[in-house]
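Remarks on the structure that follows.
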2 protein chains.
Amino acid sequence: MQSQKQYIYSVILHAPPHITAAQLLQLCRREKADLAMGTVYRNLSALCEEGKLRCIETPGIPAIYDTTLTPHEHIICRRCGSVRDVQLPFALDSLLTEAAGEELTDYSLTMGCICPSCRARAENEK
Amino acid sequence: MQSQKQYIYSVILHAPPHITAAQLLQLCRREKADLAMGTVYRNLSALCEEGKLRCIETPGIPAIYDTTLTPHEHIICRRCGSVRDVQLPFALDSLLTEAAGEELTDYSLTMGCICPSCRARAENEK
DNA sequence: TTTTGTGCAAACTATTTGCAAACCG
DNA sequence: CGGTTTGCAAATAGTTTGCACAAAA
């Protein structure tokens, strides 16, 4: 039998580009009804450590797993929760390292917005 | 009797500049043994909404409350958890807004490092 | 007396972990 | 057989909330 890790990886590759562990579990369970939450988390962590996934942790909301490995940041709609990639036209980590005056082990950045469609909906409701 | 909110505010003003709700509770309980955790959280939230405090939420670690209101970012030692302010020599929010191409409601940034004293300690243990 | 604040305990959410059974080589 | 992976359930951590009572206005 195919390992759950491989299976989970194949599912996430064909899923929307930003997905939470719970959403992924739901997707997987369509085919494998007895897949356990713990297994999903364990394997997602493993895949992150292998460098096959990125995990975006943002305060207050569930972690989002991302299959895009090239450097980019994220903007999330505070109303509907949708996530969009943002390419910065400069090397943020160098700027931060310089400003901090010491080596960084990591940094975490998330931007918040009200996305265009939520904004439009809000307009309509006025 | 003085409201707990005023009391909590006065304690945090004289406490170390970055403090968690749990640490603050401990401090407060030296004088007021029956202060409740829920009360601390409720009043810290209220003080934040009044703009008297900033709350720095970072994935994986308890929120840190900060009495410094001028714009700055934070770097945290991944080994000992100590927090230090970092002044950026540029306006990050403008850069981010421009890169995102839309208005931001907020952004959250935290840098991680191994602080000098932890680094020194690690050297010694080699 | 109507509103507001408080202590307590329980609830909540996302994630992690211990363990025994299942699987794989 | 012996190490690894899984499902399950319980544990964890930080924070929030419901509620009955106390305080204040």
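Residue numbers start from 1 in every chain, and the chains themselves are labelled A, B, ... in the order their sequence lines are given, proteins ahead of strands. Only a predicted model underlies this, so the values are computations on that prediction, with no experimental measurement involved.
Listed pair A/Gln4 / D/dG7 meets the phosphate criterion, a side-chain N or O lying under 4.0 Å from OP1 or OP2.
A/Met111 belongs to a hydrophobic cluster whose remaining members, ordered by chain and number, are A/Ile75, A/Val86, A/Leu88, A/Phe90, A/Leu92, A/Leu95, A/Leu96, A/Leu104, A/Tyr107, A/Leu109, B/Ile75, B/Val86, B/Leu88, B/Phe90, B/Leu92, B/Leu95, B/Leu96, B/Leu104, B/Tyr107, B/Leu109, B/Met111; membership requires side-chain heavy atoms of ILVMFWY residues under 4.5 Å apart, directly or through intermediates. The hydrophobic cluster around A/Ile114 extends to none of the other residues, as no ILVMFWY side-chain heavy atom falls under 4.5 Å of it.
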List the steps and the verdict of side chain to side chain contact (heavy atoms under 4.5 Å, CB included) for B/Thr58 and B/His74. CA-CA 10 Å; B/Thr58 303; B/His74 296 92; over 6 Å; no

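The 12-atom threshold is exceeded at CD of B/Glu50, counting heavy atoms of other residues, nucleotides or ligands nearer than 6.0 Å.
As rounded to whole Å, 11 Å separates atom C1' of D/dT5 from atom CD1 of A/Ile8. Here D/dT5 presents its C1' atom at 17 Å from OH of A/Tyr7, a figure rounded to the nearest Å. At whole-Å resolution of the value, CG in B/Asp34 and P in D/dA22 are 13 Å apart. Rounded to an integer number of Å, the gap from B/Leu25 CG to C/dG7 P is 10 Å. In this entry the distance linking CG of A/Leu24 with C1' of C/dA14 reads 15 Å, nearest Å. Following rounding to the nearest Å, B/Lys32 (NZ) and D/dA23 (C1') show an atom-to-atom distance of 13 Å. Remark: C1' of D/dC8 and CZ of A/Arg29 are 11 Å apart, rounded to the nearest angstrom. Residue A/Met37 contributes atom CE, which lies 10 Å from atom P of C/dT16 at whole-angstrom precision.
Contacts between residues 38-47 of chain B and DNA chain C, defined by a heavy-atom separation under 4.0 Å, are made by B/Thr39, B/Arg42, B/Asn43.
At the heavy-atom level, B/Ala22 lies nowhere under 4.0 Å from the strands shown. Across all strands shown, A/Ala21 has no heavy atoms under 4.0 Å from either base or sugar-phosphate atoms. If you check every strand for non-hydrogen atoms under 4.0 Å, B/Leu35 touches sugar and phosphate atoms only.
Each of B/Tyr65 and A/Ala36 has a nearest nucleotide on DNA chain D; the 5'-most of these lies closest to A/Ala36.
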Side-chain donor-acceptor distances from residues 34-46 of chain A under 3.5 Å, at least two apart:
from    : atom 1 : to      : atom 2 : distance (Å)
A/Asn43 : ND2    : A/Thr39 : O      : 3.0
A/Ser45 : OG     : A/Tyr41 : O      : 2.9

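For A/Gln23, the side chain to side chain donor-acceptor pair (under 3.5 Å) test picks out A/Thr20, with sequence neighbours left out. Taking A/Glu57 as the reference, A/Cys55, A/Ala63, B/Pro59 meet the side chain to side chain contact (heavy atoms under 4.5 Å, CB included) condition, with sequence neighbours excluded.
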